[in-house]
Amino acid sequence: MIVRPDQHWFKRLFVWHGSVLSEILFRLSLNLGMSVIALLCFQWYEALGIKLTLAPFSLLGVAIAIFLGFRNSVSYARFTEARGLWGSLLIVNRSLLRQIRSIFPHRPELAKEFAALQIAFSYCLKHQLRGTSMRKELTHFLPHENIDKLMASAAPCNGILLLMGEWLGERRQAGEISDILFQSIDENLNKLSAVLAGCERIANTPIPFAYRLIVHRTVYLFCTLLPFALVPDLHYMTPFVSVFISYTFISLDALAEELEDPFGTAPNDLPLDAMCKTIEINLLEMNNAAEIPVRPLPDKRYQLS
Amino acid sequence: MIVRPDQHWFKRLFVWHGSVLSEILFRLSLNLGMSVIALLCFQWYEALGIKLTLAPFSLLGVAIAIFLGFRNSVSYARFTEARGLWGSLLIVNRSLLRQIRSIFPHRPELAKEFAALQIAFSYCLKHQLRGTSMRKELTHFLPHENIDKLMASAAPCNGILLLMGEWLGERRQAGEISDILFQSIDENLNKLSAVLAGCERIANTPIPFAYRLIVHRTVYLFCTLLPFALVPDLHYMTPFVSVFISYTFISLDALAEELEDPFGTAPNDLPLDAMCKTIEINLLEMNNAAEIPVRPLPDKRYQLS
Amino acid sequence: MIVRPDQHWFKRLFVWHGSVLSEILFRLSLNLGMSVIALLCFQWYEALGIKLTLAPFSLLGVAIAIFLGFRNSVSYARFTEARGLWGSLLIVNRSLLRQIRSIFPHRPELAKEFAALQIAFSYCLKHQLRGTSMRKELTHFLPHENIDKLMASAAPCNGILLLMGEWLGERRQAGEISDILFQSIDENLNKLSAVLAGCERIANTPIPFAYRLIVHRTVYLFCTLLPFALVPDLHYMTPFVSVFISYTFISLDALAEELEDPFGTAPNDLPLDAMCKTIEINLLEMNNAAEIPVRPLPDKRYQLS
Amino acid sequence: MIVRPDQHWFKRLFVWHGSVLSEILFRLSLNLGMSVIALLCFQWYEALGIKLTLAPFSLLGVAIAIFLGFRNSVSYARFTEARGLWGSLLIVNRSLLRQIRSIFPHRPELAKEFAALQIAFSYCLKHQLRGTSMRKELTHFLPHENIDKLMASAAPCNGILLLMGEWLGERRQAGEISDILFQSIDENLNKLSAVLAGCERIANTPIPFAYRLIVHRTVYLFCTLLPFALVPDLHYMTPFVSVFISYTFISLDALAEELEDPFGTAPNDLPLDAMCKTIEINLLEMNNAAEIPVRPLPDKRYQLS
Amino acid sequence: MIVRPDQHWFKRLFVWHGSVLSEILFRLSLNLGMSVIALLCFQWYEALGIKLTLAPFSLLGVAIAIFLGFRNSVSYARFTEARGLWGSLLIVNRSLLRQIRSIFPHRPELAKEFAALQIAFSYCLKHQLRGTSMRKELTHFLPHENIDKLMASAAPCNGILLLMGEWLGERRQAGEISDILFQSIDENLNKLSAVLAGCERIANTPIPFAYRLIVHRTVYLFCTLLPFALVPDLHYMTPFVSVFISYTFISLDALAEELEDPFGTAPNDLPLDAMCKTIEINLLEMNNAAEIPVRPLPDKRYQLS
């Protein structure tokens, strides 16, 4: 079942929304400052011959909303794809272990060996994507000589996949599995490989920099100029309306920024720690392990890390 | 054939639309109240120097409509994916049983054993997704010792998949199926695994909280302020027009909220009870079972649970 | 080659467009009536203190256009998916028969037996989706005892698939095909199963009722109120412009309604009769059958049933 | 490497853009005529009590742009899918011949026989999609008796696939390939079958006629009425602005029309001639053929047929 | 971990954004010139009877934004698909080598031979897509006679695939692998073939020329005329607002142009050099090669070539 923040529509209007808010509060206060400046300048508008109307900003605002909408859907697509890949990781890991266990019903030690490689692969992927050190967590599952070799490699996750392949090759050489079963398990290794390369692709290929820049820049320039166009019509209401419009645009731009890199540790990113733990629990349970770690629970802000 | 609510375009304008309406009626009456307040305040506008025009709200309204449109398509995509996964569940279950039956044409008791596991899997998935107790329904299909073990597990559905895998492994060990047929059936077990993890993914990964929050908040703030901007132009027509515009925005926001979690029990959610029953009927019929449950029929509001 | 209605851009402006037009003509005349009422009321506007401007309707109109655009793309996606599934039905049927024929080059009677099951499956699917009686068409292809059993079943198409599976199992039991070829043909049966369940899913899961309702209702309310907002600006031009705008919104809403259920018999729905006939002709031709039915031709309104 | 028209942004503003332009020039001149009529009528507006403002047209224009945007994306999706299918055709053909060649390294005559069937299939598909006569091109690759039979068939491409299947069946009957390799090649035949049926689907299922009609009609009606709404504001500038806006809407509508049927011979359609030739060259080269046709080059308007 | 440009939201407003900026600076200065001309002309507007208002441009601007949004999503989809194909290239290459190594654990020389073909394939693909000379890089991995033959071929990458197929066929002929393993490896060769043809498809099929032309032309015409419509309202602010709006439209049009051809060497294109190097490093590492090239690092503008 889903663990979610409180759903009441009214309370939610005042609720905290993760890292996005803290980032944009400062920017909104800049916008508030701009509105005040606009209000102060307004008395000299006529003298200076300044004429600004809302009409061109209205056109521009809608255009920017369209582009920002596209920007958002692209960022969200990255987030969804990343989530789907980690979902596949769980699927394939369960399927692999189920295969091993139904092929070798009377040799639980083989399933244990292989599950250790699988769990190590998940943790390794998490650390590779976040750029953190994986040594500590890998020591629970792999012998030391393997870890040293993996740490030196440019692609440690792929190294673990190779270990799985070698394990499988040994079974085949020893005549324990036929070519058909070899191929069937190997196909699932290919799927793990696809998950790995998919995550690497998302992590290594940001949205084209120019695209993010153009949207980001036009959003901010638009919000900065807006008060000067609002003030002739709205007068003292300018700061209020200007901050509201800016909130809509700036917060979506900031969120798009955050979702774009789903493997980070910000509140709206994927809870990779919890996902790795889930995979570990699932595989250990399938092997009837004696000790099974407890399931990670969200903190009081409903966040999983 | 489809069982649908009455299709006449005119009657439909006045028809009930499930939980969404009851939820939003209160919110719309708040908006009506706001409109009345705006009407009352209007006489002091000039004295207070308040100037509000519709132009900035028009720009903002279109921007919010664009973002709300994206929000809707994301929620709907979750609903559609969830429906597709349950469709796959039906496909794979039929295919699996057809395989078993054509491989063992003279051993109907094997098909019966396996079908029990399949039906148990479907019910188990429903309960896992809704967070309800599965024990009662599982007792019809599984022996007690298995149920106790499953209830203690963190992933009971996956446990049933493992039982299927073991059943299959036994057939292979006993020499009743070749490695090729083993692989062929095992592939369908992998597909069940994919359905399971796909449903878990949808249930456990809500749309990023910040996204829902930003859209929700801007929609409500927009609807609250709208009457004050409408009143200088529309005067006594303000409440009427304001409630109409608010209805459009608020009802779509509320529906997006509801569709987002397709495994709930609200009227627009997926009828998991009926789907499980359909799978059960299909599999029992394929096995020429003596007693087949009746097909669930929609209630007088055309709703299936 | 494609059989299409006349393509000249000018003539097309005045051409008939299927069931949609007849349905909406009445609704547009209601709108015309509303415009006349608005014109008549206009003289009392000032006396009654009624003030209505186009600005809020402009904002609302764009918002509704965005939501209607989404509604359209969802309906069209259902139409496209349904068409794709029937395309797959043709693909898989051809592939299956090609397999049977290249595996048993010297036993044309086997290919004939199997093709009869395939054609029966297509017709059965058509009738199941449209809720019409399939008995008459099935008698050409299946023995009577099978038909009786299928008619009593809750899932007749799936029953035919089971017959195919049994046919295949018999070939394997008789040692006529190896496990590998069994698996290869069985995979195509799985694909037929996927087509079947995909069509059932589209037919049984309408777009969430609340969604259709909200869009439908706001479109009609919008069109009803529009003349009253147009009349202060346009005066005698009101009926003309109002009906034009209403035509754009109402016709798209009505078409979305029609496409949403692609298995119906309305002019813009899928020509299932013609598609079944095409599959029958293709399979009979592959078997060098003596008598092949003629290809269905579109009627004078370029419509296939 | 890509052969593309000149990319300079400035020159491109004045460049020819294929069939679309010639088709719409006449329509734009009609619009120009309408603008002149509007200008002439304008002096009697007051006398006739005609009041037309841009506001309702602005709302309508944005709504039409949204629907036209959807229309465009649907047409483009058809174009892209068609291109993808022809890409698959190349992939599968190469893979098939590579398989044949690595399975029979010492029997080049078999690869030659099979390649002839493959090339014939590609040309046959082109002619079937365009509705042109295939006899002449097929004579280079198939014996006469086969061609006569194919020409009489309702599905000639499928007939060639059947020939491939028979060729494969003969290899298996002769014991030259195992069931596994048979299955592996047969799978690629299934993929050819999918390409064929996919192309047939696109060719035979136009976008629902009512949809094209509604968008087409509203675009033209909108452009026809626009000058009358522009003239009170713009006066002598009306023809210029009206033709510009009409160009934007009408040219996109015309292009959507053209892309919708990607197998035609208009300048923006797929260059099927060149694609068939590419497949032929690729397969002949893989077989080390003595004579290889020259690659088709784009004409001076950068167009391939 | 990701190597990205500095993320601070404020600094980014002033940052360089690759080739797009240099290309559009000139175009924006033309727009600035237009604004000045509009300002100068304005005094004669009344005398000349010129009347231009923003309203029709507002309608047109939103329509163009919608079409430009679609243009952008199409270009970005090409970019994403190209990136996905190169991701698959990495996946399949790793999987292939893992297969070879687990099938022949005691014959590292075979894995070395095959890896050379794989690396050559990647470099060959890069050069084929960019239209640059591949001879120099291929000499490291292939014998001279093969290179000469490939250079003469119309499809050199496909030639390398054929070499892989022959290598595989030899293993099978020599009885070193069973038909099942042959098929399993051959399937991965099919996937390489799909990557190749997918890249060729993107490179050879630009977005329909008329589409790019229409959007490009309307964007530029719109930006050119805009100052003349802005000047009556904004007067001296015209150049500023006009350049801002033009920046939004022109930069997105230019970026769409750049992303459309993802295999170029512009700053926002795919870093094919780095990707080829990554594949090389990965495969050499899997083979425990003595010398492994260093990973390419982004230059000081965070760009990889």
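Note that this is a predicted model, so its numbers are computed, not measured. Here is the naming used below: chain letters follow the sequence lines, and residue numbers restart at 1 for every chain.
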Nearest-0.5 Å distance that lies between atom CG in A:Leu162 and atom CG in E:Leu97: 7.5 Å
Structural part of A:Arg201 lying under 4.5 Å from a heavy atom of chain E: both
Side-chain heavy atoms of A:Leu225 within contact of E:Phe244, under 4.5 Å: yes
Part of E:Leu230 lying under 4.5 Å from any heavy atom of chain A: side chain
More than 12 heavy atoms of other groups within 6.0 Å of E:Phe42 CZ: yes
Expected output: side-chain E:Glu285 to main-chain A:Ser153 donor-acceptor under 3.5 Å: no
Contacting moiety of E:Phe104, where chain A heavy atoms sit under 4.5 Å: neither
Contact origin within E:Asn93 toward chain A - heavy atom pairs under 4.5 Å: neither
E:Ser184 versus A:Asp186, closest heavy-atom pair with distance: OG-OD2, 4.4 Å
Minimum heavy-atom distance between A:Lys149 and E:Asn288, given as atom pair plus value: NZ-OD1, 3.4 Å
Chain A contact via E:Asn188 - side chain, backbone, both or neither, heavy atoms under 4.5 Å: side chain
Any side-chain heavy-atom pair of E:Arg94 and A:Asn190 under 4.5 Å: no
Choice from A:Ser178, A:Gly169, A:Gly69 maximising heavy atom contacts with chain E below 4.5 Å: A:Gly169
E:Ser102 side chain to A:Glu166 side chain, donor-acceptor N/O pair below 3.5 angstrom: no
A:Pro56 versus E:Val241, closest heavy-atom pair with distance: CB-CG1, 4.0 Å
Per-residue contact mode, E:Met237 against chain A (heavy atom under 4.5 angstrom): side chain
Smallest separation among heavy atoms of A:Leu59 and E:Gly61, with atom names: CD1-CA, 3.5 Å
Nearest-0.5 Å distance, CG of residue A:Asn204 to OG1 of residue E:Thr278: 8.0 Å
Heavy-atom proximity to chain A below 4.5 Å, by part of E:Leu90: side chain
Between A:Thr205 and E:Arg83, a side-chain donor and acceptor under 3.5 Å: yes
Spacing of CZ belonging to A:Phe67 relative to CZ belonging to E:Phe249, to within rounding of 0.5 Å: 5.0 Å
Note, A:Glu81 side chain near E:Thr80 side chain (heavy atom, < 4.5 Å): no
Heavy-atom proximity to chain E below 4.5 Å, by part of A:Phe263: neither
Proximal component of E:Ile245, with respect to chain A [non-hydrogen, under 4.5 Å]: both
Under 4.5 Å from any heavy atom of chain A - which part of E:Ile281: side chain
Pair E:Ile180-A:Phe182, side chain to side chain contact (heavy atoms under 4.5 Å, CB included): steps then yes or no: CA-CA 10 Å; E:Ile180 289 168; A:Phe182 173 86; over 6 Å; no
Chain E interface, residue from A:Leu196, A:Val62, A:Val74 that has the most non-hydrogen pairs under 4.5 Å: A:Val74
Which of A:Met164, A:Glu200, A:Glu187, A:Glu170 touches chain E most, by non-hydrogen pairs under 4.5 Å: A:Glu200
Residue selection (most heavy-atom pairs with chain E, distance under 4.5 Å) from A:Leu168, A:Leu161, A:Leu192, A:Ile64: A:Leu161
Partner chain E: residue of A:Asp253, A:Val215, A:Ile66, A:Leu189 with the largest heavy-atom pair count (under 4.5 Å): A:Leu189
Pair E:Arg98-A:Asn158, side-chain donor/acceptor within less than 3.5 Å: no
Interface moiety of A:Tyr211 toward chain E, non-hydrogen atoms closer than 4.5 Å: both
